[in-house]
K.L.:
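Starting off with a structure, shown below.
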Amino acid sequence: MTSDPAWYARPVLDVARDLVGCVLRHGDTSGVILETEAYHFTEAACHAYVGITERTRVIWGPPGRSYVYRSYGIHALFNAVCEDDGVGAAVLVRALEPLDGIEVMRMRRGPVKESELCNGPGKLTQALGIGLELNDTPLTGATPPIAIEPRPPAWRDVDIVRTAPRIGITKAVELDWRFSVRGHRGVSRPLPAPPPAPR
DNA sequence: CATGGGATTGACT
DNA sequence: GTCAATCCCATGC
């Protein structure tokens with residue numbers, strides 16, 4: 001289960017896929033995960049690619065913990081650390097469908113459309129109130145600061161696609177390590193257009 | 001010690 | 001569609 005570190009101690013691509021449809025919760029706010037990306041130390045787009053540093057120490061640490069870092073000097077991005085202790089791997093959460101505490105999210109996000117509350121990795125951390133101070137906190141156990149819960153019944157059989165390349169990176173862009181709910185409008189970037197049909 | 005780039009967003013054209 | 005904002009940290013001199 002998502003409350004057990006062993007659930008995260010699996011291949012990062014499996015965890016990234018299984019996280020879609022689960023609920024990410026912090027305090028009174030929560031949302032259903034619509035989109036994820038996998039990162040692994042063996043490929044250059046992953047922060048852990050450079051080895052163990054003060055910044056990347058958490059990614060190399062035990063699974064089932066948070067890795068929250070600052071992007072572009074402005075935004076906090078939330079990841080779940082995966083695979084065994086000593087292996088650098090994590091899943092980035094890119095988009096949510098708002099579930100609980102929508103009014104609180106609105107306060108934090110300002111006057112935006114509801115569809116804009118959590119449709120981006122920096123937006124969802126702002127909406128849920130997840131900041132850098134929540135880096136390296138447990139996601140498992142009885143009452144972790146940030147919790148990930150199993151798929152609600154309505155999301156039990158979601159159709160997950162693994163097709164799109166990861167977003168906003170310049171290295172290892174060829175790896176299709178992005179997962180999302182098929183056809184959902186809440187994903188942070190649309191899937192690339194399918195190739196034209198042969199004639 | 002200086003520098004440059006990045007897993008982004010929002011405002012503007 | 002384009003572009004600036006903004007800061008941590010890895011790298012190189």
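All chains are named by letter (A, B, ...) in the order of the sequence lines, taking the proteins before the strands, and each is independently numbered beginning at 1. Basis for what follows: all heavy atoms, side chains included, without hydrogens, waters or symmetry-related copies.
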K.L.:
If only side-chain N and O atoms count, and only distance matters, is there a donor-acceptor pair under 3.5 Å linking R108(A) with Q126(A)?
P.N.:
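R108(A) and Q126(A) do not have a side-chain donor-acceptor pair below 3.5 Å.
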
K.L.:
Shoot me the first and last contacting nucleotide of DNA chain C against chain A, ordered 5' to 3', at under 4.0 angstrom to non-hydrogen atoms.
P.N.:
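Going 5' to 3' along DNA chain C, contacts run dA5(C) to dT11(C).
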
K.L.:
Suppose clustering is done on Ile, Leu, Val, Met, Phe, Trp and Tyr with side-chain heavy atoms closer than 4.5 Å. Which residues sit in the same group as V87(A)?
P.N.:
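For the cluster that includes V87(A), the remaining residues are F41(A), I52(A), W60(A).
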
K.L.:
Please tell me if the side chains of W155(A) and L34(A) come closer than 4.5 Å, counting only heavy atoms from C-beta onward.
P.N.:
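They are in contact (side-chain heavy atoms under 4.5 Å apart), so the answer is yes.
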
K.L.:
Could you pull out all residues at least two apart from S3(A) that satisfy side chain to side chain contact (heavy atoms under 4.5 Å, CB included)?
P.N.:
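Result, side chain to side chain contact (heavy atoms under 4.5 Å, CB included) vs S3(A): M1(A).
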
K.L.:
Work out which heavy atom in P98(A) is nearest to a heavy atom in L96(A); give both atom names and the distance.
P.N.:
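Between these two residues, the closest heavy atoms are CD-O, 3.7 Å.
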
K.L.:
Just jot down the salt bridge (Lys or Arg N to Asp or Glu O under 4.0 Å) partners of E97(A), sequence neighbours excluded, or say none.
P.N.:
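Per chain and number, E97(A) pairs via salt bridge (Lys or Arg N to Asp or Glu O under 4.0 Å) with no residue.
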
K.L.:
Produce the list of close N/O pairs, under 3.5 Å, pairing protein atoms with atoms of nucleotides 10-13 of chain B; give distances to one decimal.
P.N.:
unit_1	atom_1	unit_2	atom_2	d
dG10(B)	OP1	R109(A)	NH1	3.1

K.L.:
Going by heavy atoms in the side chains, are L124(A) and L24(A) under 4.5 Å from each other?
P.N.:
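L124(A) vs L24(A): side chains touch.
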
K.L.:
Check whether any side-chain heavy atom of Y39(A) lies under 4.5 Å from a side-chain heavy atom of H47(A), and answer yes or no.
P.N.:
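With C-beta onward as the side chain, the pair stays apart.
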
K.L.:
Pair up each side-chain donor or acceptor in residues 8-18 of chain A with any protein partner under 3.5 Å, not counting sequence neighbours, and list the distances.
P.N.:
unit_1	atom_1	unit_2	atom_2	d
Y8(A)	OH	T2(A)	O	2.9
R10(A)	NE	W7(A)	O	2.7
R10(A)	NH1	D18(A)	OD2	2.9
R10(A)	NH2	W7(A)	O	3.4
R10(A)	NH2	D18(A)	OD2	3.0

K.L.:
Mapping I74(A) and L132(A) onto DNA chain C by nearest heavy atom, which one lands closer to the 5' end?
P.N.:
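Mapping each residue to its closest nucleotide by heavy atoms, the 5'-most match is I74(A).
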
K.L.:
For DNA chain C, write out the stems as range with range, using runs of 3 or more consecutive Watson-Crick or G-U pairs with both distances under 3.5 Å.
P.N.:
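Ordered by first number, the stems with DNA chain C (at least 3 consecutive pairs each) read B:1-6 with C:7-12, B:8-12 with C:1-5.
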
K.L.:
T140(A) versus D4(A): any side-chain heavy-atom pair under 4.5 Å?
P.N.:
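SC-SC contact between T140(A) and D4(A) ruled out.
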
K.L.:
Can you pull out every salt bridge (charged side-chain N to carboxylate O under 4.0 Å, His left out) where at least one residue sits in residues 135-158 of chain A? Sequence neighbours excluded, please.
P.N.:
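Output for this query lists R25(A)-E149(A), R57(A)-D136(A), R65(A)-D136(A).
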
K.L.:
Produce a footprint string for nucleotides 2-7 of chain B: one letter per nucleotide, 5' end first; B if the base is under 4.0 Å from any protein heavy atom, S if only the sugar-phosphate is, - if neither.
P.N.:
----BB

K.L.:
Can you list the residues that meet the side-chain hydrogen bond (donor to acceptor under 3.5 Å, both in side chains) rule with E103(A), with sequence neighbours excluded?
P.N.:
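side-chain hydrogen bond (donor to acceptor under 3.5 Å, both in side chains) list for E103(A), sorted by chain: R106(A).
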
K.L.:
Side-chain heavy atoms nearer than 4.5 Å, only ILVMFWY residues, links allowed to pass through others: does that put L175(A) and Y49(A) together?
P.N.:
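Shared cluster, no.
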
K.L.:
Can you confirm whether E43(A) sits close enough to K171(A) that some side-chain heavy atom of one is under 4.5 Å from a side-chain heavy atom of the other?
P.N.:
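A side-chain contact under 4.5 Å is absent here.
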
K.L.:
Who pairs with T125(A) by side chain to side chain contact (heavy atoms under 4.5 Å, CB included), at least two apart in sequence or on another chain?
P.N.:
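T125(A) satisfies side chain to side chain contact (heavy atoms under 4.5 Å, CB included) with A76(A), F78(A), I130(A) only.
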
K.L.:
Under 4.0 Å from any atom of DNA chain B, heavy atoms only: list the residues of residues 21-29 of chain A that qualify, in numerical order.
P.N.:
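Output list: empty, so none.
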
